[in-house]
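Encoded as structure tokens, the structure appears first; notes follow it.
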Amino acid sequence: MDFSDNEELAQFRSGLRSWLREHVIEREEDESPALFLKRWHQVLFQGGWVGLSWPEEYGGRGLSNAYDVVLNEEIGASGAPDAPRIGYMGRAFLQWGTEEQRKRFLPRLLSGEDYWCQGFSEPGAGSDLANLSTRAVKDGSSYRISGQKVWTSFAEYADYAILLARTGEPGGRHKGVSAFVVSMDSPGIEVRPIIAATGESEFCEMFFDGVEVAEENRIGVEGDGWPIAMMTVAYERGAADVGYLSKFGAALRELRGLLGDRVHQDASTRRRVADLEVRYRILSQHVRRRLTERDSGDVLPGPEMSVDKLLMTDVDQALHRTAVDLLGASVLLEPGDAPWLQRYVYARAASIYGGAEQIQLNIIAQRVLGMPR
Ligand SMILES: Cc1cc2nc3c(=O)[nH]c(=O)nc-3n(C[C@H](O)[C@H](O)[C@H](O)COP(=O)(O)OP(=O)(O)OC[C@H]3O[C@@H](n4cnc5c(N)ncnc54)[C@H](O)[C@@H]3O)c2cc1C
């Protein structure tokens, strides 16, 4: 497979590179990381760099998925803040949503005006998501939703949640799960931020007490929730869809900058950095091949995305472990906008979010390789 840019991609890359030189923004004092990324998302959108592979009628640019990889690579190489993580939120509307829902939600998701969170996990339903017990009970032309979600990233800032709730029998596992769009300012929702080991409150608990959600905010028909959730998490496991390729590229660039001449003078440092570069390039080329296949076959992501999630975790953890080895543990004490300590600790969470590592291995064994349960 040819991994080089064709003429249009090369032109896009050079246009983006020049634009980034002029437009990268800095985080303001006291601005939370989440709101800073939201502001950056809006700046990128105004420049025409968000929603590249999304349909034009909903605010995208209708380009092929390969453009998302170039966007990630260039953002990472420039040291700009991460590419937006919208790639997985909202894809379900393209497949299951009504035209009215697509027009209502997608343009504002792409422009960064609305912030979304994903309300899937519960105290009794993480790896075993089919055990979820939040209930949605039909009440005229609405539903009443009650239950608890946990580990919901950015719920504190979110305008909407894509929420899974049980509309069928209790204990019905995958059957009887439905997906809803819930406006986060609805009466009956309580959001409690959780302080994580990074010192930040990226994720939250969410409590729902009879929250009214209009029937028109259900995605798909009743009981469609399971395939919607599976497609959403498949996108979430894609390094370009969640902007992680850009994040790793920026971290590598920063590490090389901090090491300076050592990379040239010391063979063992050079080997370690080369090892990281190779892992990063493999991930990036793998994602590009994956997305090119998606373009040419018009296929949706499925269980094979667990391979991508494992590769992504490998790069994240190798990168941060190597940075601490080479720069010394004292780098973990350095302050900064995104301190290495915080990123090092967050890299550990890569084995958990978006589906734990053991679960990815189970999916690959059973659903990709066809091995017995
Ligand atoms: C930073 C971060 C952000 C997150 N953001 C969100 C979010 O926005 N929205 C959301 O809905 N969720 C979110 N999550 C939750 C995440 O999806 C869950 O934590 C994850 O699915 C694991 O579920 P759990 O925490 O309940 O662990 P458990 O399911 O209790 O698993 C505990 C351990 O047991 C292992 N295990 C469980 N079952 C099996 C099995 N069958 N075979 C082998 N091993 C098994 C797991 O691999 C894991 O190591 C986030 C998590 C993190 C860390």
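Both ligands and their constituent atoms are indexed starting at 1 by order of listing. Position 1 is the first residue of the sequence, and the numbers go up from there.
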Heavy-atom contacts under 4.0 Å to ligand 1, chain-then-number order, include exactly Gln118, Phe120, Ser121, Gly126, Ser127, Trp151, Thr152, Ser153, Glu202, Phe203, Tyr346, Ile352, Tyr353, Ala356, Gln358, Ile359, Asn362

Would you kindly say whether Glu202 and Tyr346 are connected by a side-chain donor-acceptor distance under 3.5 Å?
-> yes

Please name the pair of heavy atoms, one in Thr313 and one in Ala350, separated by the smallest distance, quoted to 0.1 Å.
-> OG1-O, 3.3 Å

Heavy-atom donor-acceptor pair, Arg166 side chain to Arg173 backbone, under 3.5 Å = yes

Can you find a side-chain donor-acceptor pair between Glu113 and Ser111 that sits under 3.5 Å?
-> yes

Do the side chain of Ser18 and the main chain of Ser14 share a donor and acceptor less than 3.5 angstrom apart?
-> yes

Would you say the side-chain atoms of Arg61 pair up with the backbone N or O of Gly48, donor to acceptor, closer than 3.5 Å?
-> yes

